[in-house]
Asker: 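Below is a structure I'd like to ask you about.
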Amino acid sequence: MFSILRINTATGETKRESYDTKEYLLGARTLSSRLVSQEVKPTCDPLGRHNKLFFCTGALVGTTVSSSDRVSIGGKSPLTGGIKESNAGGVVGTRMAEQGLRCIALEDAPKADAGWKIIVIGKDKVEMIDGEFLAGKGVYEKSDLLSEKFGKKAGCITVGPTAEKLLVASGIACSDPHGVCSRYAGRGGLGAVMASKKVIAMVILPDGEVKPNYVDPEAFKAGSKKIVHLLKENPVSSKFTKYGTAAMVDICQALNVLPTGNFRQGTMEDAEKINAQTMYDTIKERGGEGRTQHACMLPCAIQCSNVYPDKDGKLLCSPIEYETMALMGSNLCLKNLDTIAKMNRISNDAGVDTLEVGAAMGVALEAGIAEFGDDEAILALMQEVRDLTPMGRILASGCKVAAKVLGVRHAPHVLGQGIPAYEPRGTKGMAMTYLSSPMGGDHTFGFTLRDEEVPTSKEGKVGLSKKFQVIGSRMDAMGTCNFVRYSVRNDMSPLLDLMKAMYDVEITAEEFDDFVKETLRIEHQFNTDAGITLADHRFSETFYEEQQPETGEKIDITDEEVAEACRW
């Protein structure tokens with residue numbers, strides 16, 4: 001049996017329910033999307049009391065399996081107007097498992113003038129306490145105050161000042177193994193949903209006593225070791241161990257898909273100044289608190305995260321990921337890793353998605369608000385987001401809103417969500433994924449780039465995107481890090497064997513994929529019922545009319561091809 005804790009944020013009432021259905025067994029996005037579909041009216045106001053926010057763990061959470069402790073957060077997105085799942089690493093999933101929880105649901109909403117609350121969940125209590133002392137503070141200060149009050153081992157979740165103002169580029173920050181709320185479920189504006197319920201933080205205490213109950217402990221132990229072996233032997237995941245996701249800078253530059261100058265180009269001059277080797281060397285040279293390898297959750301055999309130090313060796317930002325290096329680096333024509341790290345830190349403190357705000361800032365620079373490549377001016381613009389100035393609020397409202405307000409046609413988004421760090425005219429597989437995702441522009445939804453023989457051609461990309469939508473959704477369905485997919489994409493049996501050893505439930509690969517595809521159908525149906533149409537699954541018109549300089553390519557994907565990619 002798996003438990004869901006329901007918390008009425010208006011009345012403070014709580015209720016614990018138990019279920020033994022397959023969606024609760026798998027958990028994570030499989031569960032969050034079903035709960036949103038079943039319990040949230042598609043046409044509701046995402047920031048109103050009828051929306052709900054679900055925090056769901058996956059099938060292998062709290063065990064010794066590497067990279068399996070992510071938490072999926074689901075609700076209706078105020079950014080896209082459709083269904084949303086955003087996930088994060090850290091220790092929150094582990095703490096939920098120790099409390100015997102597969103899901104925490106935040107329901108209803110108090111009046112807008114109600115005070116801020118902190119939800120505290122322990123083995124003997126669930127309570128809502130005063131959270132006004134956190135109001136207006138940045139995420140880093142909130143994180144420190146929560147650690148002082150509840151200890152660094154607690155699983156803490158909080159939102160930044162942008163979420164408090166219901167700005168829809170805001171995410172949800174989860175605590176890492178060191179007690180710092182720096183692991184973001186950044187996409188889709190779910191931070192604003194949490195804040196709309198006047199919940200400024202949620203704390204899962206480390207006093208839980210629920211342990212994994214393995215049906216076959218020896219088989220599980222052997223299966224867990226096998227996953228570690230597969231991860232270390234795989235050339236993709238092993239490369240991420242040394243360089244992290246920053247390794248993608250050189251790959252994308254070589255493939256003409258590194259977003260540059262508000263997605264006008266696919267390459268940047270001097271891109272090597274912000275690539276993985278430069279970051280690795282900088283961290284090593286500065287030493288101190290810097291780390292080239294770092295785990296966002298425990299256990300993790302990949303450790304693709306990093307700790308980037310300043311010139312004195314003091315922590316500046318952790319982590320810097322490729323998506324941020326591109327959206328807040330090359331996209332803005334910035335060639336200084338220190339500037340990108342400062343941008344990242346300010347974003348984390350403000351509580352905004354670095355991808356969404358990076359895309360919005362590219363639009364702002366095209367509008368002439370500042371010059372591309374001007375480090376000081378762009379840093380000052382980022383600080384406006386943290387300071388909640390009028391311009392800062394525009395940027396924290398996302399790429400689509402910023403483009404409309406500032407009068408820019410070349411706006412890189414789909415369904416209102418800024419597209420990630422792969423220029424779509426140079427990679428038609430990723431373009432197909434962006435266009436067909438029910439979540440808005442989303443790279444993890446179906447990552448095709450490494451398997452595109454001819455990236456600039458759309459031929460075969462419907463099938464390729466759908467293949468990787470299933471592969472990516474498998475990981476989301478189980479709460480497993482997306483990088484695990486490289487080791488099990490052709491054979492899911494290592495993960496399915498672990499589920500059998502833990503729960504004595506046998507699921508075939510075919511059954512599992514059928515369940516994943518049903519999740520995709522549910523997500524698209526929710527969006528249809530919310531009023532999203534095929535006409536919304538498009539890039540801005542400029543991507544269809546203007547050639548990418550490096551390749552001469554335009555987006556030539558038709559609505560009919562997008563419809564096929566959305567059909568499950």
Side-chain angles (χ1 to χ4, degrees), residues 66-67 89 176-177 182-184 228-260 266-268 270-310 313 315-331 334-345 354-355 358 420-423 427 430 443-444 447 449-451 475 480-487 489:
S66 175
S67 316
D176 69 6
S182 62
R183 299 294 155 178
Y184 266 88
V228 172
H229 175 75
L230 289 171
L231 291 173
K232 289 186 175 180
E233 289 295 313
N234 186 277
V236 177
S237 54
S238 60
K239 185 172 185 177
F240 284 144
T241 296
K242 180 175 181 179
Y243 290 116
T245 60
M248 294 302 298
V249 172
D250 285 343
I251 294 171
C252 291
Q253 174 82 349
L255 292 174
N256 301 311
V257 298
L258 182 69
T260 302
T267 58
M268 182 179 77
D270 298 327
E272 68 276 5
K273 291 182 179 180
I274 64 168
N275 70 2
Q277 190 65 55
T278 299
M279 185 165 74
Y280 181 90
D281 292 343
T282 300
I283 293 173
K284 286 291 189 183
E285 289 167 8
R286 291 179 175 179
E289 296 180 87
R291 297 288 182 273
T292 57
Q293 292 176 235
H294 186 252
C296 77
M297 58 183 137
L298 299 173
C300 177
I302 306 173
Q303 299 192 37
C304 68
S305 184
N306 55 68
V307 178
Y308 188 86
D310 62 19
L315 184 152
L316 180 55
C317 180
S318 177
I320 307 179
E321 304 284 5
Y322 165 67
E323 300 295 327
T324 301
M325 295 170 79
L327 268 297
M328 289 190 157
S330 60
N331 188 47
L334 293 174
K335 303 174 183 179
N336 186 318
L337 281 174
D338 283 359
T339 301
I340 296 170
K342 291 172 184 176
M343 298 272 289
N344 199 343
R345 183 176 181 85
T354 56
L355 281 70
Y422 311 90
E423 209 287 336
T427 164
M430 293 302 293
H443 63 296
T444 63
F447 191 84
L449 187 62
R450 290 180 177 275
D451 289 75
M475 302 299 101
T480 306
C481 171
N482 213 16
F483 294 141
V484 176
R485 75 183 185 271
Y486 294 112
S487 299
R489 66 184 235 182

Asker: Can you tell me how far apart CG (Asp270) and CG (Asn336) are? Round to the nearest 0.5 Å.
Answerer: 12.0 Å
Asker: What are the two closest heavy atoms between Ala341 and Leu316, and how far apart are they?
Answerer: CB-CD2, 3.5 Å
Asker: Write down the atom of Ser305, the atom of Ser318, and the distance for their closest heavy-atom approach.
Answerer: OG-OG, 4.4 Å
Asker: Using the ring of each side chain (for Trp, its six-membered ring), is Tyr486 parallel, tilted or perpendicular to Phe483, with breaks at 30° and 60°?
Answerer: parallel
Asker: So Ile251 and Arg450, side chain to side chain contact (heavy atoms under 4.5 Å, CB included) or not? Walk me through it.
Answerer: CA-CA 9 Å; Ile251 294 171; Arg450 290 180 177 275; 3.6 Å; yes
Asker: For Thr278 and Asp281, run side-chain hydrogen bond (donor to acceptor under 3.5 Å, both in side chains): C-alpha distance rounded to whole Å, both residues' side-chain angles, the deciding distance at 0.1 Å, then the answer.
Answerer: CA-CA 5 Å; Thr278 299; Asp281 292 343; 5.9 Å; no
Asker: What distance separates Met279 CE from Asn306 CG, expressed to the nearest 0.5 Å?
Answerer: 4.0 Å
Asker: What distance separates Ser66 OG from Leu231 CG, expressed to the nearest 0.5 Å?
Answerer: 5.0 Å
Asker: For Ser487 and Leu230, indicate whether the former's side chain and the latter's backbone hold a donor-acceptor pair under 3.5 Å.
Answerer: yes
Asker: Run the side chain to side chain contact (heavy atoms under 4.5 Å, CB included) test on Lys335 and Met268 for me, step by step, so that the C-alpha distance in whole Å, both residues' side-chain angles and the decisive distance to 0.1 Å come before the verdict.
Answerer: CA-CA 9 Å; Lys335 303 174 183 179; Met268 182 179 77; 3.8 Å; yes
Asker: Are side-chain heavy atoms of Arg183 and Met297 found at a separation under 4.5 Å?
Answerer: no
Asker: So do the side chains of Glu423 and Asn256 get within less than 4.5 Å of each other, counting heavy atoms only?
Answerer: no
Asker: Starting at CG of Asn234, measure out to CZ of Arg489 and round the result to the nearest 0.5 Å.
Answerer: 9.0 Å
Asker: Around atom NZ of Lys232, are there more than 12 heavy atoms of other residues, nucleotides or ligands at under 6.0 Å?
Answerer: no
Asker: Do the side chain of Ser330 and the main chain of Pro259 share a donor and acceptor less than 3.5 angstrom apart?
Answerer: yes
Asker: Are side-chain heavy atoms of Gln293 and Thr241 found at a separation under 4.5 Å?
Answerer: yes
Asker: Taking Gln253 for its side chain and Leu258 for its backbone only, find out whether a donor-acceptor pair lies under 3.5 Å.
Answerer: no
Asker: For a 4.5 angstrom cut-off between non-hydrogen side-chain atoms, does Thr354 reach Glu321?
Answerer: no
Asker: Classify the angle between the aromatic ring planes of Tyr322 and Tyr422 as parallel (below 30°), tilted (30 to 60°) or perpendicular (above 60°).
Answerer: tilted
Asker: Any donor-acceptor pair under 3.5 Å linking the side chain of Thr260 with the backbone of Asn331?
Answerer: no
Asker: Examine distances only and state if a side-chain atom of Asn344 and a backbone atom of Pro319 form a donor-acceptor pair shorter than 3.5 Å.
Answerer: yes
Asker: Roughly how far apart are Thr282 OG1 and Leu337 CG, rounded to 0.5 Å?
Answerer: 5.5 Å
Asker: Which heavy atom in Ser67 sits nearest to a heavy atom in Ala301, and how many Å separate them?
Answerer: OG-N, 4.4 Å
Asker: Is it true that Asp310 and Arg345 have a side-chain N and a carboxylate O under 4.0 angstrom from each other?
Answerer: no
Asker: Do the non-hydrogen side-chain atoms of Gln277 and Asp250 ever get within less than 4.5 Å of each other?
Answerer: no
Asker: Going through the checks in order, is the side chain to side chain contact (heavy atoms under 4.5 Å, CB included) test met by Ile274 and Ile340?
Answerer: CA-CA 9 Å; Ile274 64 168; Ile340 296 170; 3.8 Å; yes
Asker: I need the minimum non-hydrogen distance between Glu323 and Pro420, along with the two atoms involved.
Answerer: OE1-CB, 3.4 Å
Asker: If I compare all heavy atoms of Ala295 with all of Leu298, which pair ends up nearest, and what's the gap?
Answerer: CB-CD2, 4.0 Å
Asker: What distance do Cys252 atom SG and Met430 atom CE have between them, rounded to the nearest 0.5 Å?
Answerer: 8.5 Å
Asker: After noting the C-alpha distance and the side-chain angles of Met328 and Leu334, does the key distance pass the side chain to side chain contact (heavy atoms under 4.5 Å, CB included) rule?
Answerer: CA-CA 8 Å; Met328 289 190 157; Leu334 293 174; 5.8 Å; no
Asker: Can a donor-acceptor pair be found, under 3.5 Å and without considering hydrogens, that links the side chain of Glu289 to the backbone of Leu315?
Answerer: yes
Asker: Within the structure provided, determine whether Lys284 and Thr292 are in side-chain contact (heavy-atom separation under 4.5 Å).
Answerer: yes
